[in-house]
Amino acid sequence: MRRIPALIVGGLATLAVPLLYAPWLLVPHIRYDDFAFLTRSRTWADTLAHLWVPMNEHLMPLARLDAGLLMWIVTPQSRIPLAAQIHGVLAVIIGMWLLYWFVRRELGHPFYGLLAMIAWGVTTTYYETVTWYSASFFTLGLDVTLVALLAAQEFERSRRRSALVLCAACCALAPAFHSTALLAGAWCALYLALSSGPGDGSPSLLKRSIAMAPLAGTVVFVVIAALTASDQIVSAEHYRGKTLFGAFDFGEGVKNTLRTLADNQVPGIIGVWDRHSTFSWPAVWAIVASAAAFAVVWWRVAPRRLLLILGLTIILSSDLIVYGARADWSYDRSVHNWSRYHLFAHLGIVLFVMGGLVRFEGTWFRLEPNGCLTVRQASALILLIVGLFACHWPRSRGSTVVPPPEQMDVLRRVERIDKTCVAARIDAHTARQALGFLQFPLGFEGDNAWDFLRGSPAPVPTRTEDAARMLRAVDR
């Protein structure tokens, strides 16, 4: 009987992601928050100067470094939008393979890993994190969270202290991309507390203490955030006069968690979503009750419940913290449409389903001990890729933001002026003074497109009047 290597199916799943988001890749653009991230990372000096400056209530030093790296790699301004779009796709692909590795090791066969990576990656449930550069930091935070879980998994298998240290370090680094990953330490601690290492019996006090080690990473991040920018984080401008703690509403978080499960996260599995309307409360209760009934049945049949508990915890805790923190925003008019908030919840759903699937090994399917797939299994996984692609393609195509053509024209204009600055050895500050203001298309009001100018790396003193004369001669 022929056997199919798992990497072939994994490669097809990987290819499905850029194909699914082709409508976005064909019209690359940057928008709104992207402007601030990228213009404040024009050079490494700019990047380091803004490293500890929060974006709203989020302290994101790794996101700042990421933006600096993108701007260093992509020198021509006209290529920045495409690089930003590719960035989101690559972040998802990295997450897919990390999830494959984690689930494969946890459940003992590549088939489970492939199923998990397909179910999590070939989707538009969290399309904002793939298509909006500023939201792609959510995905990078999730990627680091998965590395932390892999390190926790390795510690449980080998008892290597280095793995536990890596886990704690990743729990500190994950929220440095975006604070939606702040719970990484708690999730890893839960995983360690519920796992049993080689030869372990019932959990001891020492084991419980070791399980708390990932939380040390969370504490480190919180302490650094408090020391560097506590006032800006706690009293962020978009809380409209409230503090971070005053704006958080647990009751509203519970209510909107139920609503988003019904409106977005459960139907979103198969690409069903309506940005213009939400379900009535009777429909919400019906959908949530049906999902809960499935969860109860799945719990009862599952031979090992670690992934079920981890998945359920990720779903509820990530939703509650997000929707509690966004209690002052209108759910119907805004929060309902913010698909970036479904990223971690979708991971939790996938882990929950995978945790119960082992029950049917040997009845619904038989796995090869050599780690390969049968032709039937490979075909089923490929059909799943095709089926999910077909379900999610309409949402990808229908959600595309068509940028105004002026954006690329403006970026080409900036690029042309920047080349002149390099040739004439004019620094960026002088050039911006000489050129005045140019509104950036798809930016916030007051975003000056000339902020993308890098200027000469070896400038000479130039009067503003002389710079204006030289640059305006080119800018026609």
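Position 1 is the first residue of the sequence, and the numbers go up from there.
A cation-pi contact links Arg326 to Trp329, judged by a cut-off of 6.0 Å to the six-membered ring centre and 45° from its axis.
Taking 4.0 Å as the cut-off between side-chain N and carboxylate O, Arg304 and Glu106 do not count as a salt-bridged pair.
Proximity of Ile80 to Met71: side-chain heavy atoms (C-beta onward) are separated by under 4.5 Å at one or more points. Between Trp132 and Arg340, some side-chain heavy-atom pair lies under the 4.5 Å cut-off. In this structure, the side chains of Pro369 and His109 stay at 4.5 Å or more apart for every pair of heavy atoms. Proximity of Leu351 to Phe102: side-chain heavy atoms (C-beta onward) are separated by under 4.5 Å at one or more points. Between Phe111 and Leu381, some side-chain heavy-atom pair lies under the 4.5 Å cut-off.
Ring geometry for Tyr341 against Trp338 counts as perpendicular: the plane angle is over 60°, on a 0 to 90° scale with 30° as the lower cut. Using a 30° and 60° split on the angle between ring planes, Trp72 and Trp44 fall in the tilted class, from 30° to 60°. Note: Trp273 and Tyr127 have perpendicular aromatic rings, judged against thresholds of 30 and 60 degrees for the angle between ring planes.
Taking the centre of each ring, Phe37 and Phe137 come in below the 6.0 Å mark. Under the 6.0 Å cut-off for aromatic ring centres, Phe344 and Trp187 qualify, their centroids lying closer than that.
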Worksheet entry | Derivation of the salt bridge (charged side-chain N to carboxylate O under 4.0 Å, His left out) call for Arg157 and Glu154 | CA-CA 5 Å; Arg157 290 169 172 239; Glu154 175 60 25; 5.8 Å; no
Fill in: Check against side-chain contact (heavy atoms from CB on, under 4.5 Å), Val144 and Cys170
CA-CA 6 Å; Val144 180; Cys170 288; 3.8 Å; yes
Discussion item. For Trp120 and Tyr126: C-alpha separation, side-chain torsions, deciding distance, then whether ring pair (Phe, Tyr, Trp, His ring centres under 6.0 Å) applies.
Written reply: CA-CA 10 Å; Trp120 182 76; Tyr126 47 81; 5.3 Å; yes
Discussion item. If you apply the rule ring pair (Phe, Tyr, Trp, His ring centres under 6.0 Å), what do you find for Tyr32 with Phe444, and how did you get there?
Written reply: CA-CA 6 Å; Tyr32 304 118; Phe444 292 114; 5.3 Å; yes
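Partner of Val220 under the side chain to side chain contact (heavy atoms under 4.5 Å, CB included) criterion, chosen from Val223, Val222, Ile224: Ile224.
Residues Cys391 and Ile270 share a closest heavy-atom pair of CB-O, 3.3 Å. Pairing each heavy atom of Ala345 with each of Asp319, the nearest pair is CB-OD1, 3.8 Å. Taking every heavy atom of both residues into account, Phe352 and Leu308 meet most closely at CD1-O, 3.4 Å.
Remark: Tyr323 pairs with no residue by the ring-ring contact (aromatic ring centres under 6.0 Å, His included) rule, at least two apart or across chains.
At a cut-off of 3.5 Å, with distance as the only test, a side-chain donor of Tyr112 or Glu361 sits close to an acceptor on the other residue.
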Show me, pair by pair, the donor-acceptor contacts under 3.5 angstrom made by side chains of residues 4-26, not counting sequence neighbours?
from: Thr14; atom 1: OG1; to: Gly10; atom 2: O; distance (Å): 2.9
from: Thr14; atom 1: OG1; to: Trp97; atom 2: NE1; distance (Å): 2.9
from: Tyr21; atom 1: OH; to: Thr123; atom 2: O; distance (Å): 2.7
from: Trp24; atom 1: NE1; to: Ser396; atom 2: O; distance (Å): 3.3

Under 3.5 Å, which donor-acceptor pairs link side chains of residues 276-293 to any protein atom two or more places apart or in another chain?
from: Ser277; atom 1: OG; to: Asp274; atom 2: OD2; distance (Å): 2.8
from: Thr278; atom 1: OG1; to: Asp332; atom 2: OD1; distance (Å): 3.1
from: Ser290; atom 1: OG; to: Ala286; atom 2: O; distance (Å): 2.8

